[in-house]
Colleague: 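Sharing a structure below in structure tokens format, with a few things to ask.
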Amino acid sequence: METESEPYVRLATLRQLHHVMADMNTARSLADTLQTVADGVVTGLGYELACVNLVQPDGDLVVAALAGNSAAEALITGRVGSRASWERRLTMGEAWGDLRFIPHTEGWVLDEDDVPQWYTDGPAPRFEDEWHPADRLFAPMYTPGVPGGSCGELIGVLSVDRPRNGRHPGAWGREALQMYAFQGAIAISNARLRANMQRALVRLEREQQALRASEESFRQAFEYAPSGMAVAEMGGDQHGRILRTNDALCRLLGRPASSMRRYSFSDLVHPEDIGTLLRTSAEGGRAELRLCRRDGTYLWVSLRNSVVADAADGPRFLLTHVEDIEDRKRRELQLAHRASHDSLTGLPNSAELRSRLGARLCARPAAIEPGVVDTIDAAYGHGPADHAAAGVYDANGHGFDYRPGPEAFDAFDHHVHTVAPEGERDDGTKGLAVLFCDLDGFKSINDRFGHNAGDAVLIEVARRLGGAVRDGDTVARLGGDEFVVLADGLGRADAQDLAVRLRSEIIQPIRVDGRAVRVGASFGIGWAHCGMTADEVLQSADERMYIEKRSRPKAHRRAG
């Protein structure tokens, strides 16, 4: 470097240094930047040899760039020195600001460590500031942006050798090298940032390509799936609104995609299945329910939901898979119907009759604790005057003359108890009437005309009974020529009137194979009430039917 006593030379050097720094900061890659730093030291600061040692991710330093000596470049570029050896260097010798100078009188101890180095021997200095070939000068490079520089993270070390003027650098030369090292650290940091940004951009582009490919795969799988699929909103005011449907679902429901977006699944589901749908949506599970087609008919489907979650916002969408199970459901319903209905008449069979009857009955408590009786009395205003013999026993097993009304039991089990009229006269009580019907003269038809004629008679009787009762009443075939009618909400007079009407329907002539045949009917009216079993109720009605049958002359039974 030129003599520092010449300001105009110093200005020319600064101008040259400025150009070198400009080149350094416009380098396109980290490798170019490192080489520009090394070349700039030789070109702009007047050293014959410059080396950039770069800190690696593991902490050791690698010789990343060297300028000024091709032999040295070939020998040591790419070699690695340990972090411990470098830290030893940066604490030895003399501190020239941020620089570290190790004179040849101390540096000999470093000749055998693992740091790659290029040095030559020479005679002892002739004057105080003469540079010796074994002298070492290092400029640490720290991450920029930290006041003082040395407080930042070490990212590299710039080592220089053999100033062209043969002298130790003065104050200005040291400051120039320190400033250059600082600018070099900035350039290296910027180059690393650019490299990281480029890698991030490449990674982002790859991720976007993968996302686009994934979206395209999903779109094709969604659009061309053989079964119905839909995407619906989850949460918020528009929860359940259909956002997207595939062609298979549109064909399944007979609705265009544009109209499907106006609905949610709750708009399309059968009213009886709305609870099932809501539970399925909340749980993200599976259900079988009915969806409404465009023509107003309902279709059985298997509906399976998958919750699509967002990492930041949580559950966002429901991906719904809809499969047509109409044929399977129809077979299941047919099997269930066959198991619960008579194959000849189509009426509920004996098992279904007992199931329906048992569903209305419960076992009333046989014993009531006195404390419970007191509670009921207090709640409903009952007292001793209201007690009637009802077969209720206290905790000691003694008869207890008390019958709390059905509402008293409701307070404990929430069951609407079935009650029966009292006595043989109509007292205004409405109950569940059980009409046991046995056909008169049916056996003779079987014997005279065969079982096919008998079956035809049973089918016609079943049809007439079904047509004569109210919606909600049950007509069942108990077996053979025995039928049972369950009619709720009737008083004694109502039940008797119903028996008369049913008998009048049955005794009308029945056409079988071109001939008219007639059968009569005997009815027994029983009453169901809680505390009885279904078999007890049917036995009671059966006994009353036989009483009624025996009370009528045999000759008049068929005519009714």
Side-chain angles (χ1 to χ4, degrees), residues 252 269-273 275-276 286-293 295-303 322-361 432-439 442-443 445-446 449-488 502 505-506 510-513 517 519 521 523 526 528 533-539 541-542 545:
L252 191 65
V269 75
H270 192 284
E272 296 177 2
D273 299 335
T276 302
R286 180 194 298 263
E288 294 183 355
L289 43 75
R290 289 159 289 182
L291 294 181
C292 184
R293 295 172 54 86
D295 60 7
T297 61
Y298 284 92
L299 179 75
W300 275 103
V301 299
S302 171
L303 187 145
V322 182
E323 183 180 358
D324 182 0
I325 60 169
E326 180 70 19
D327 291 341
R328 174 172 67 81
K329 205 68 179 180
R330 185 183 295 112
R331 288 194 296 271
E332 291 177 357
L333 293 176
Q334 288 173 350
L335 289 174
H337 186 273
R338 290 174 185 173
S340 61
H341 287 71
D342 175 50
S343 59
L344 177 65
T345 64
L347 296 177
N349 59 18
S350 175
E352 178 66 11
L353 171 67
R354 284 172 167 80
S355 175
R356 295 186 185 185
L357 185 55
R360 290 296 313 278
L361 304 175
L432 176 58
V434 181
L435 283 71
F436 199 105
C437 171
D438 181 79
L439 300 183
F442 177 75
K443 184 176 182 303
I445 294 176
N446 262 341
F449 306 116
H451 289 287
N452 289 339
D455 289 346
V457 169
L458 293 176
I459 292 172
E460 178 61 18
V461 169
R463 186 191 68 79
R464 293 180 181 183
L465 288 173
V469 299
R470 304 165 302 175
D471 292 340
D473 291 344
T474 294
V475 177
R477 183 186 178 197
L478 194 60
D481 61 349
E482 295 178 335
F483 297 85
V484 173
V485 176
L486 303 182
D488 202 0
L502 295 178
E505 289 289 335
I506 292 173
I510 299 173
R511 301 293 298 182
V512 177
D513 295 334
V517 297
V519 292
F523 281 87
T533 65
D535 286 336
E536 289 173 343
V537 174
L538 293 174
Q539 182 179 358
D542 187 22
M545 182 273 298

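We use all heavy atoms of the structure for the numbers below, so side chains are in, but hydrogens, waters and symmetry mates are not.
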Colleague: Which value, rounded to the nearest 0.5 Å, describes the distance between D324 atom CG and L291 atom CG?
Modeller: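 Those atoms lie 10.0 Å apart.
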Colleague: Write down the atom of A534, the atom of G358, and the distance for their closest heavy-atom approach.
Modeller: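 Taking A534 first and G358 second, the nearest heavy atoms are CB-N, 4.3 Å.
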Colleague: Nearest 0.5 Å, please: how far is CD in E352 from CG in L357?
Modeller: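 Those atoms lie 11.5 Å apart.
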Colleague: How about R354 and L478: do any of their side-chain heavy atoms sit closer than 4.5 Å?
Modeller: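 Yes; the side chains approach each other to less than 4.5 Å.
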Colleague: Is there side-chain contact between K329 and Q334, with heavy atoms separated by less than 4.5 Å?
Modeller: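 Answer no - side chains too far apart.
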Colleague: Given side chain to side chain contact (heavy atoms under 4.5 Å, CB included), test V517 with F449 step by step and report yes or no.
Modeller: CA-CA 10 Å; V517 297; F449 306 116; 3.7 Å; yes
Colleague: Judged by atom type as modelled, is there a donor-acceptor pair below 3.5 Å linking the side chain of E536 to the main-chain atoms of T533?
Modeller: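 The answer is yes, because a donor-acceptor pair under 3.5 Å joins these two groups.
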Colleague: Check I506, D438, L439, L502 against F483 for a side chain to side chain contact (heavy atoms under 4.5 Å, CB included) and give me the one that passes.
Modeller: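 Result for side chain to side chain contact (heavy atoms under 4.5 Å, CB included) with F483: L439.
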Colleague: CG of L347 to OG1 of T345: how many Å apart, nearest 0.5 Å?
Modeller: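 Here the interatomic distance stands at 3.5 Å.
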Colleague: Would you say that H270 contacts C292 through its side chain, given a criterion of any heavy-atom pair below 4.5 Å between the two side chains?
Modeller: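 They are not in side-chain contact.
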Colleague: What pair of heavy atoms forms the shortest contact from N446 to G454, and how long is it?
Modeller: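 Minimum heavy-atom separation between N446 and G454: OD1-CA, 3.3 Å.
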Colleague: Do the charged groups of D481 and K443 touch, with an N to O distance under 4.0 Å?
Modeller: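 Looking at D481 and K443, the cut-off is not met.
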Colleague: Got R330 and D327 here, is their nearest side-chain heavy-atom distance under 4.5 Å?
Modeller: yes
Colleague: Look at the side chain of D455 and the backbone N and O of L344, then say whether any donor-acceptor pair between them is shorter than 3.5 Å.
Modeller: no
Colleague: Could you walk me through whether L252 and V301 pass the side chain to side chain contact (heavy atoms under 4.5 Å, CB included) test, one step at a time?
Modeller: CA-CA 10 Å; L252 191 65; V301 299; 4.2 Å; yes
Colleague: Quick one: closest heavy-atom pair of A468 and E505, and the distance?
Modeller: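 Looking at all heavy atoms of both residues, the shortest contact is CB-CG, 4.1 Å.
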Colleague: List the steps, then state whether side chain to side chain contact (heavy atoms under 4.5 Å, CB included) holds for M545 with C437.
Modeller: CA-CA 7 Å; M545 182 273 298; C437 171; over 6 Å; no
Colleague: What closest approach, in Å, do L538 and F436 show between heavy atoms, and which atom pair accounts for it?
Modeller: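 In this case the closest contact between L538 and F436 is O-CD1, 4.0 Å.
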Colleague: So, taking the atom named CZ in R338 and the one named CG in N349, what distance separates them when rounded to the nearest 0.5 Å?
Modeller: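 Between R338 CZ and N349 CG, I get 13.5 Å after rounding to 0.5 Å.
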Colleague: Would E288 and L303 count as a side chain to side chain contact (heavy atoms under 4.5 Å, CB included) if you check the C-alpha gap in whole Å, the side-chain angles of each, and the deciding distance to 0.1 Å?
Modeller: CA-CA 6 Å; E288 294 183 355; L303 187 145; over 6 Å; no
Colleague: Whether the side chain of S355 engages the backbone of A351 through a donor-acceptor N/O pair (distance < 3.5 Å, no angle test) should be reported.
Modeller: no
Colleague: Name the one of L353, L435, V469, V461 that satisfies side chain to side chain contact (heavy atoms under 4.5 Å, CB included) with V475?
Modeller: V469
Colleague: Taking 4.0 angstrom as the limit, do R331 and E326 come out as a salt bridge?
Modeller: no
Colleague: When you measure from the side chain of R470 to the backbone N and O of D488, does any donor-acceptor pair fall under 3.5 Å?
Modeller: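 Yes, R470 side chain to D488 backbone: donor-acceptor pair under 3.5 Å.
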Colleague: Any side-chain heavy atom of R360 sitting closer than 4.5 Å to one from L486?
Modeller: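 A side-chain contact under 4.5 Å is absent here.
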Colleague: Once rounded to the nearest 0.5 Å, what's the spacing between atom CH2 of W300 and atom CD of E323?
Modeller: 14.5 Å
Colleague: Do D273 and T276 have a side chain donor and acceptor closer than 3.5 Å?
Modeller: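 Their side chains do not contain a donor-acceptor pair, so the 3.5 Å distance test is not met.
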Colleague: Should E272 and R290 count as an ion pair when the cut-off is N to O under 4.0 Å?
Modeller: yes
Colleague: Assess whether a salt bridge exists between E482 and R477, defined as any Lys/Arg side-chain N lying under 4.0 Å from an Asp/Glu carboxylate O.
Modeller: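 No.
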Colleague: Establish, from distance only, whether the side-chain atoms of D295 and T297 form a donor-acceptor pair under 3.5 Å.
Modeller: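 Checked: D295/T297 side chains pair up, N/O donor to acceptor below 3.5 Å.
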Colleague: Examine distances only and state if a side-chain atom of H341 and a backbone atom of H337 form a donor-acceptor pair shorter than 3.5 Å.
Modeller: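 At least one qualifying donor-acceptor pair exists.
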Colleague: Over all heavy atoms of both residues, which pair between D473 and A487 is shortest? Give the atoms and the distance, please.
Modeller: OD1-CA, 3.6 Å
Colleague: So, taking the atom named OG1 in T474 and the one named CZ in R356, what distance separates them when rounded to the nearest 0.5 Å?
Modeller: 4.5 Å
